[in-house]
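One structure is given here, and the rest of the page talks about it.
Numbered from 1 within each chain, the chains take letters A, B, ... in sequence-line order.
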Amino acid sequence: MSELLVLVDHSGGQPRKISLQLLAAARAVAGDLGVDVAAVWLGPGAADAAGVLGAHGAARVHHWDDADAKGFVTVPQVEALEQLVAAVAPAGVLFASSNHVKDVAARLAVRVGGGVITDATGLAVDGGALVATKEVFGGDVITTSRVADGALPIVGIASNAFAAEEVGGAPAELVPFDVTLSDAARTAPVTDVVQQASADRPDIAEAAIVVSGGRGLGDASGFSLLEQLADLLGGGVGASRAATDAGWYPHRYQIGQTGRTISPTLYLGAGISGAIQHRAGMQTSQYVVAVNKDPEAPIFQIADFGVVGDLHQVVPKLIAALEARRG
Amino acid sequence: MRIVIPVKWVPDTAGEKQIDPDRLTVDRTSVASVLCPVNEFAIEEAMRIKEAHGDDVETVVLIVGPEEAGPTAAKALSYGLDRAVRVTDDAVAGSDALGTAQVLAAAVRTIGFDVVLFGNQSTDARTSLVPAAVAELLGVPSITYARRLEIADGALTADREHEEGWDTVTSPLPAVVSVVEAINEPRFPSFKGIMAAKSKPSDVWDLSQLDGLDSGLVGADAARAVVTSAAPRPPKAAGTVVTDDGSGAAADALLDWMAEKKFV
Ligand SMILES: Cc1cc2nc3c(=O)[nH]c(=O)nc-3n(C[C@H](O)[C@H](O)[C@H](O)COP(=O)(O)OP(=O)(O)OC[C@H]3O[C@@H](n4cnc5c(N)ncnc54)[C@H](O)[C@@H]3O)c2cc1C
C-alpha cells in the first residue's frame, strides 16, 4: 500500500507536540486516500520514539540515524527525503509548518517536482486528491487549495489545527534507510546550538494557552508576572512587537505579522492594544481574553472576554485566585 | 562582492482588501501597495555590510512585479542601495511561491551574486518558501532566519533563530540568507537618498533576458499549489466585557469565565 509520509519534527529525542498532531492529520485522510501512515525520522533516536509514533497511528517509521541530518543546515534532510521519496513513491508528505522545516519542504519540492501548501488548518480528500484549508492575510481570508495533478503534495500543518490522539497502535515498525549525501550537503555546518527557552514552559506555537504581554506592562519585569500566570495555567508566554522592540522579551516570542502565528485554545493579552499586525498572528485563537485599561482598544473587538482595567491590579489578583484554587 | 536584495511589492496590511473572485487573490487595485516592511531589515543589513566592507560591495535591489512595482524599487534604492533590476512580464502572473522562485533565481543568476539577502517572510503570503527554494535552484546554502550575520573572507557566520533559541552556522559564499527583524534597526531614507534614487541605474527585464530560465515552470499554468476557493472569515460575535473598579476584583469574573470554559 502506498504511504502518506509524516516528517517528524523532534528535539532532544522526543517528537514535538506538532508531530503527533501531524499523525492525527494524516490519519484523518489516510482512509480516503487508501494509504498507510508512515513516519519519517531524520537523525538519531527513532528506536526510542517508535512506541509513541505507533500509538499515534504510524504503521512504520522510516529512519536515517545519521547525526549529519542535524549537523548541517537543511540540505542533508532534503537529500534524505528526496532519496526516500524516490524509493517509496509516497502519496504525499506532511510536515510541521514551522520555520526551519519550511526550508526543507521548499528545497524538497524543487528537487522532486512537488507542490507545497503551508500552514494548513484542515485537510480533506476530493476526487482522490488532498485538499487543504488555510487562513491567509492574517486570518482575514480562508482559502482551500490543492496541489496540481502529477506533483507530489507536500503539505505543512499549522500548530494546534489537529488534536493529537492515541489510537492504541503497536509500536511503529522500524525501517532504516541509507542516504548518500552530496558534498554540497555538508558545506554549512551548525557550530553551536543555543537553547534559551525554559524547558518547563511550552513554546507559544505548541501551547494550548498563551499569555501575551505588550507595552502596557510598563517594563521588562512585567513579563515575570506573566510567566507566573502562564506557569499556573501550563501555558506559554508571547509578546507584542512593542515589547520585543523594547528588549523586554526575546524576538522569537513575538506574535504577529512579522513574528509568529499561533492558534492556541486560549490567548490572554495583557497591555496589548490589538494592532492589525498583532492580530495577524493570533486572531485564529479559539478564545481571546484581553486585559486593557482602554475600553476603546481594538483588541476588545475580537475578545470573547474582556476586562477593562489596570493589568497591574487584575493580573496579580488572577494569580492569587488561581493559587488559592490550587490550595 | 555583490549583494542582491530581492524585495516584494505587497498590499498594505492596514488597508481594506477585496478578493478578486476570478483570480481568488487580493484585488490589487482595491488597496495601496508598499515595499514589504520585512525587506527593510534585509536592505539595512546590506547597507551595513557595504559600510563595513567599503566600495568593493555592490548592492542590487531586485523586484519581480508589474510596472506599478517601479516605485517600490525606487523606495528600496532611497535607503542607499546602488542599482535596481525589475523583472516585468505578463507571463509571471499567477505563479505560486515555487514559480516566483524560478524567476528570482534566474534573475539573481543573470545579475551575478555572492549573497542574496531576503526578509524571512513577506507580510502578505507569509509562506517563507521563497528564500530556500531560490537557494535550491541556485545550488547554494540557505541560511534563513538570521538574527545575526557576519561576512568575512568569503564566508559567513549567522545565528539562525528558532523556537528555542538559535543555531550558529557557518557557510561559504555564495549563499542565500534571510533575516528576521531582530537583526537590526532599519534607518529611514534620507532626503539625499530619496533624490539620489531617481538617478541610479535601473534596468527592466522580461523573462527572455534571464539566464537559464525554463519559462514552462512560471505562471498560472505551471503553479503546483492552486487555490480553489477564497472567502472572508466570518465576523466574530461580540464577547463579554467587564470593567474593573480599580481594585482588580474583575479578576474573579475572569476566573469564573475561565473555569466555565475549563481552562482551570
Ligand atoms: C511592518 C510592521 C510589522 C509589525 N509587526 C508586528 C508584529 O509582528 N507583532 C506585533 O505585535 N506588532 C507588530 N507591529 C506593530 C503594531 O503595529 C503595534 O505597534 C504593536 O503591536 C503595539 O504593541 P502593543 O499593543 O504592545 O503596544 P500599544 O499599541 O502601545 O498598546 C499598549 C496597550 O496597553 C494598554 N495599557 C497601558 N497600560 C496599561 C495597564 N496598566 N493596564 C492595562 N492596559 C494598559 C494601553 O491601553 C494600550 O492599549 C508591526 C508594525 C509594522 C509597521
For [X], which atoms come within 4.5 Å of any heavy atom of chain A: side chain, backbone, both, or neither?
| X | answer |
| --- | --- |
| B:P37 | neither |
| B:A97 | neither |
| B:A155 | neither |
| B:V130 | neither |

Exercise. Applying side chain to side chain contact (heavy atoms under 4.5 Å, CB included), run through B:I43 and B:L35 and close with a yes or a no.
Key: CA-CA 11 Å; B:I43 292 168; B:L35 171 67; 4.1 Å; yes

Which residue out of [options] racks up the most heavy-atom pairs below 4.5 Å with chain B?
| options | value |
| --- | --- |
| A:G259, A:A205, A:P295, A:P316 | A:G259 |
| A:A105, A:G113, A:A280 | A:G113 |
| A:D310, A:V78, A:T261 | A:T261 |
| A:T187, A:D149, A:T244, A:D119 | A:T187 |
| A:V289, A:L152, A:L266, A:I276 | A:L266 |
| A:S11, A:G115, A:P189 | A:P189 |

Quiz item: Where do A:I204 and A:Y253 come nearest, in terms of heavy atoms and distance?
Solution: CD1-O, 3.7 Å

Practice problem: Work out which heavy atom in A:I117 is nearest to a heavy atom in A:A132; give both atom names and the distance. | Solution: CG2-CB, 4.0 Å

So what's closer than 4.5 Å to chain B heavy atoms on [X]: side chain, backbone, both or neither?
| X | value |
| --- | --- |
| A:D203 | side chain |
| A:S198 | neither |
| A:S97 | neither |
| A:E135 | side chain |
| A:V116 | both |
| A:V288 | both |
| A:V75 | neither |
| A:A303 | backbone |
| A:R186 | neither |
| A:I209 | side chain |
| A:R326 | neither |
| A:T118 | side chain |

If you tally heavy-atom pairs under 4.5 Å against chain A, which of [options] wins?
| options | result |
| --- | --- |
| B:A225, B:S229, B:S171, B:A133 | B:S229 |
| B:T240, B:D244, B:V241 | B:T240 |
| B:T243, B:V227, B:V226 | B:V226 |
| B:L98, B:V38, B:D159, B:D245 | B:L98 |
| B:K236, B:Q102, B:R126, B:Q121 | B:R126 |
| B:A250, B:A238, B:S247 | B:S247 |

Quiz prompt | Flag if over 12 foreign heavy atoms under 6.0 Å of CD, B:E185 | solution = no

Under 3.5 Å: donor-acceptor pair, side chain of [X], backbone of [Y]:
| X | Y | value |
| --- | --- | --- |
| B:D124 | B:P11 | no |
| A:K102 | B:S128 | no |
| A:D304 | B:G239 | no |
| B:D96 | B:G99 | yes |

Quiz item: Just checking, any donor-acceptor pair under 3.5 angstrom between side chains of A:D140 and A:Q283?
Solution: yes

Quiz prompt | Flag for B:T144-A:D103: side-chain donor and acceptor within less than 3.5 Å | solution = yes

Quiz item: Think B:R148 forms a cation-pi with B:W166, using NZ or CZ under 6.0 Å from the six-ring centre and within 45 degrees of its axis?
Solution: no

In plain terms, say whether [X] and [Y] are close enough for a salt bridge, that is, a side-chain N and a carboxylate O under 4.0 Å apart.
| X | Y | value |
| --- | --- | --- |
| A:R252 | B:E161 | no |
| B:E136 | A:R111 | yes |
| B:R109 | B:D211 | no |

Practice problem: With side chain to side chain contact (heavy atoms under 4.5 Å, CB included) as the test, would you mind laying out the steps for A:H100 and B:R160 before giving the verdict? | Solution: CA-CA 9 Å; A:H100 291 208; B:R160 301 183 66 214; 3.7 Å; yes

Quiz item: Taking it one step at a time, do B:H162 and B:Y145 satisfy ring-ring contact (aromatic ring centres under 6.0 Å, His included)?
Solution: CA-CA 8 Å; B:H162 53 63; B:Y145 306 98; over 10 Å; no

